[in-house]
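Reviewing the structure listed below.
Letters A, B, ... are given to chains in the order of the sequence lines, protein chains preceding strands, and every chain is numbered from 1. Here the structure is a predicted model, which means the values were calculated and not measured.
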There are 2 protein chains.
Amino acid sequence: MSSQRRRKGSGRVTLADIAAKVGVSKITVSRAIRTPDKVSEALRLKIQRCIDENGYIPNRAAGALASSQSKTVALLVPSFSNAVFTEVVKGVDEVMLSEGYQVLIGHSGYSTLEEERLIETFLQFAVDGVILSGSQHTERARRMLGQANVPVVEMMELADNPLGICVGFDQVEAGRSVTEYLIEKGHKRIGFAGARMDHRAQQRLRGWREAMWKAGLSDEYLITSQAASSYDMGANLLAEFVQRWPDLDAIFFCNDDLAAGAIFECQRRNIRVPHELSVIGFNNLPIAASTSPSLTTVATPRYEVGRRSAQELLKLLQGEEAEELRIDLGFEVKGRESA
Amino acid sequence: MSSQRRRKGSGRVTLADIAAKVGVSKITVSRAIRTPDKVSEALRLKIQRCIDENGYIPNRAAGALASSQSKTVALLVPSFSNAVFTEVVKGVDEVMLSEGYQVLIGHSGYSTLEEERLIETFLQFAVDGVILSGSQHTERARRMLGQANVPVVEMMELADNPLGICVGFDQVEAGRSVTEYLIEKGHKRIGFAGARMDHRAQQRLRGWREAMWKAGLSDEYLITSQAASSYDMGANLLAEFVQRWPDLDAIFFCNDDLAAGAIFECQRRNIRVPHELSVIGFNNLPIAASTSPSLTTVATPRYEVGRRSAQELLKLLQGEEAEELRIDLGFEVKGRESA
DNA sequence: CTGAAAGCGCTAACAT
DNA sequence: ATGTTAGCGCTTTCAG
């Protein structure tokens with residue numbers, strides 16, 4: 001007859017159920033789970049058995065509410081189809097998992113507006129920290145992150161004005177370096193081919209341009225597209241380059257997908273790489289080592305960026321002050337057959 | 001003063017804060033957000049302004065707790081680096097987002113034990129539904145899902161005994177089909193090359209074997225590895241095949257990554273594909289259309305599998321009964337240059 | 001080592 | 001159209 005304002009509840013087994021069955025208080029069950037050494041062994045075992053038998057699964061929403069700590073962090077990447085980020089995700093995930101944090105992953109599709117929407121969503125989940133890709137965010141996203149007062153790490157590039165701290169490498173410098181590598185090899189007419197020109201690709205373009213200027217070479221051999229990067233797009237870009245500038249020495253493709261597509265197109269057109277034309281890519285994705293000829297490219301520390309970002313976030317989460325605001329993990333020009 | 005059992009709280013702006021500032025009750029603010037038409041326009045506007053000004057972000061943990069629905073679903077994939085699943089994720093995400101659900105993504109690294117761990121974690125988040133890859137799960141995972149009483153969709157293969165419903169295509173049939181395609185082309189010595197032999201790859205292998213038997217052909221040309229799939233592995237497998245069986249007609253690689261790697265190796269070895277050797281892959285990833293020669297493969301409806309899985313889960317979430325338990329989305333042999 | 005009471009921030013249920 | 005009250009399932013705080 002206990003009727004009167006009955007609520008549904010989830011119908012699942014709760015901490016209170018376990019407590020009642022074992023004949024202890026809720027807090028003791030809670031302790032047995034979270035701080036086992038604060039509960040006598042006998043009791044702990046008894047509680048554990050009851051938990052197993054009843055398939056009790058703690059409700060984290062309740063826990064988060066009570067402790068105002070969700071033990072989750074948000075990780076925002078531009079895209080899953082971009083293999084660059086799969087390793088970043090792996091690095092973040094491994095570190096966070098080992099510290100008992102759950103990583104909530106979102107992909108913005110290279111849209112800062114979608115990123116803003118995701119930040120809002122994840123903030124609703126009361127994430128304890130946020131890892132973002134890049135340094136380009138909407139005003140509102142910045143404001144929300146500020147108000148929420150959560151630690152933020154930006155990765156993959158070194159922001160001038162980091163929201164919190166940033167972990168990555170100098171994309172401009174990388175673009176410059178690899179262009180200088182080509183120049184040192186004696187190339188003069190060096191093109192830049194880009195697609196999906198996100199902020200990082202634009203920085204590489206800037207590096208190319210600076211290197212060309214510095215060497216007194218022309219930066220006219222430039223074709224970029226805002227469309228998505230793909231093997232096909234790489235093939236198309238190559239076709240356009242050889243048609244417009246038949247006497248080109250080399251082309252710097254802003255990523256390995258494009259460069260690999262260009263290599264395939266060269267095979268079809270019987271353009272001998274690197275004898276007639278040098279091709280370089282960016283990122284050192286697995287495909288770079290496998291094509292024929294293999295692809296000269298820039299090796300980027302993606303996995304390490306993920307790990308380090310997570311480690312730094314963890315420090316902030318534990319209340320430590322950041323020592324370095326901009327953590328540079330470097331890059332390396334990887335000479336192979338194509339250039 | 002008012003001291004006595006004070007708790008920390010999150011320090012963030014809450015619904016109560018907004019209610020107090022506007023001078024209404026909490027539930028009215030709640031309604032203004034969730035069911036705007038149940039609040040007078042004037043009040044709604046006033047509340048909305050206050051929310052914006054104060055940067056209020058609803059706490060979903062609290063909402064989930066109160067309503068015992070989280071408006072989130074879990075999506076478990078074996079791997080992010082496998083491009084097959086990036087499209088599945090995209091399909092699921094698009095559909096779920098459009099219905100106001102947030103998708104929590106986890107990757108099991110092809111381990112059913114890791115999958116079990118993820119299921120437990122996501123169940124702690126009180127997800128409303130779960131989408132799994134494949135039909136292989138641990139006993140404990142099955143039990144947890146059963147007890148949690150959430151709708152489950154398994155995707156990518158057609159389980160004999162689905163946990164809930166399943167959405168995919170017949171992997172055995174696909175393996176058989178593409179082998180028959182080769183047989184019809186007049187090939188007799190057809191090899192099967194596999195890596196990371198997950199359950200789906202094993203089913204394709206079975207299809208190959210069945211087709212070979214049916215045609216009275218030998219199934220001796222078989223090499224598989226439990227190691228991860230990669231371009232390199234494809235190249236290695238090709239090398240091993242041509243060494244062991246120099247007179248082979250064709251090789252069915254269990255996925256496009258392997259097949260592409262094999263194509264690259266053929267280029268290096270000057271093995272003319274398809275004249276000397278036919279090569280086929282599986283999945284029709286973007287690379288299949290781009291290599292030279294382009295890759296004959298099996299087009300699989302990955303994106304559609306994602307969308308449909310989400311749609312079916314949505315139906316279950318709304319309490320509808322499942323009409324079909326096994327939803328077959330088919331596949332298509334995609335003839336190109338390599339076979 | 002164990003427990004009682006209070007409350008995290010929100011929504012369901014029952015008013016008016 | 002708006003409000004009151006209770007309570008979701010857990011952890012914190014204070015006590016013993």
Determine: side-chain N/O of [X] to OP1/OP2 of [N], distance under 4.0 Å, yes or no.
X       : N      : value
B/Ser30 : C/dT11 : yes
A/Thr28 : C/dT2  : no
A/Arg31 : C/dT2  : no
B/Ser25 : D/dG3  : yes
A/Arg34 : D/dT12 : yes

Check every atom of [options] against the side chain of [X] and return the nucleotide holding the closest atom.
X       : options               : result
A/Pro58 : D/dT12, D/dC10, C/dC1 : D/dC10
A/Ser67 : D/dG9, D/dT11, D/dT4  : D/dT11
A/Ala62 : D/dT12, D/dG9, C/dC10 : D/dG9
B/Ile27 : C/dA13, D/dA1, C/dT2  : C/dA13
B/Ser40 : D/dT2, C/dC10, D/dT11 : D/dT2

Practice task
Might you confirm whether atom CD of A/Glu323 has over 12 heavy atoms from other residues, nucleotides or ligands at distances under 6.0 Å?
Solution key: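 No.
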Fill in the blank from the handout: Interatomic distance, CD1@B/Ile27 vs CG@B/Leu15, rounded to 0.5 Å, equals 8.0 Å
Problem - A/Glu157-A/Ser135 side chain donor-acceptor pair, cut-off 3.5 Å - result: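 Looking only at side-chain atoms, A/Ser135 and A/Glu157 do form a donor-acceptor pair, the distance falling under 3.5 Å.
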Exercise for the section: Would you classify A/Asp37 as touching base, sugar-phosphate or nothing, given that sugar-phosphate means primed atoms plus P, OP1 and OP2, and contacts are heavy atoms under 4.0 Å? Expected result: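 It contacts sugar-phosphate atoms only.
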Handout entry: Passing option when B/His137 is tested against B/Glu116, B/Arg142, B/Glu154 for side-chain hydrogen bond (donor to acceptor under 3.5 Å, both in side chains)
Key =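 Result for side-chain hydrogen bond (donor to acceptor under 3.5 Å, both in side chains) with B/His137: B/Glu154.
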To the nearest Å, how far apart are [X] [atom1] and [N] [atom2]?
X        : N      : atom1 : atom2 : result
A/Ile33  : D/dT12 : CD1   : C1'   : 16 Å
B/Leu43  : D/dG3  : CG    : C1'   : 12 Å
B/Lys38  : C/dT11 : NZ    : P     : 13 Å
A/Leu65  : C/dA6  : CG    : P     : 18 Å
B/Gln124 : D/dT11 : CD    : P     : 11 Å
B/Arg60  : C/dT11 : CZ    : P     : 11 Å
A/Gln69  : C/dG9  : CD    : C1'   : 17 Å
B/Leu15  : C/dA12 : CG    : P     : 12 Å

Exercise for the section: Would you please classify the geometry between the B/Phe80 ring and the B/His107 ring as parallel, tilted or perpendicular, with 30° and 60° separating the classes? Expected result: tilted
Practice task
Specify the residue among B/Lys26 and A/Asn59 whose closest nucleotide of DNA chain D lies further upstream toward the 5′ end.
Solution key: B/Lys26
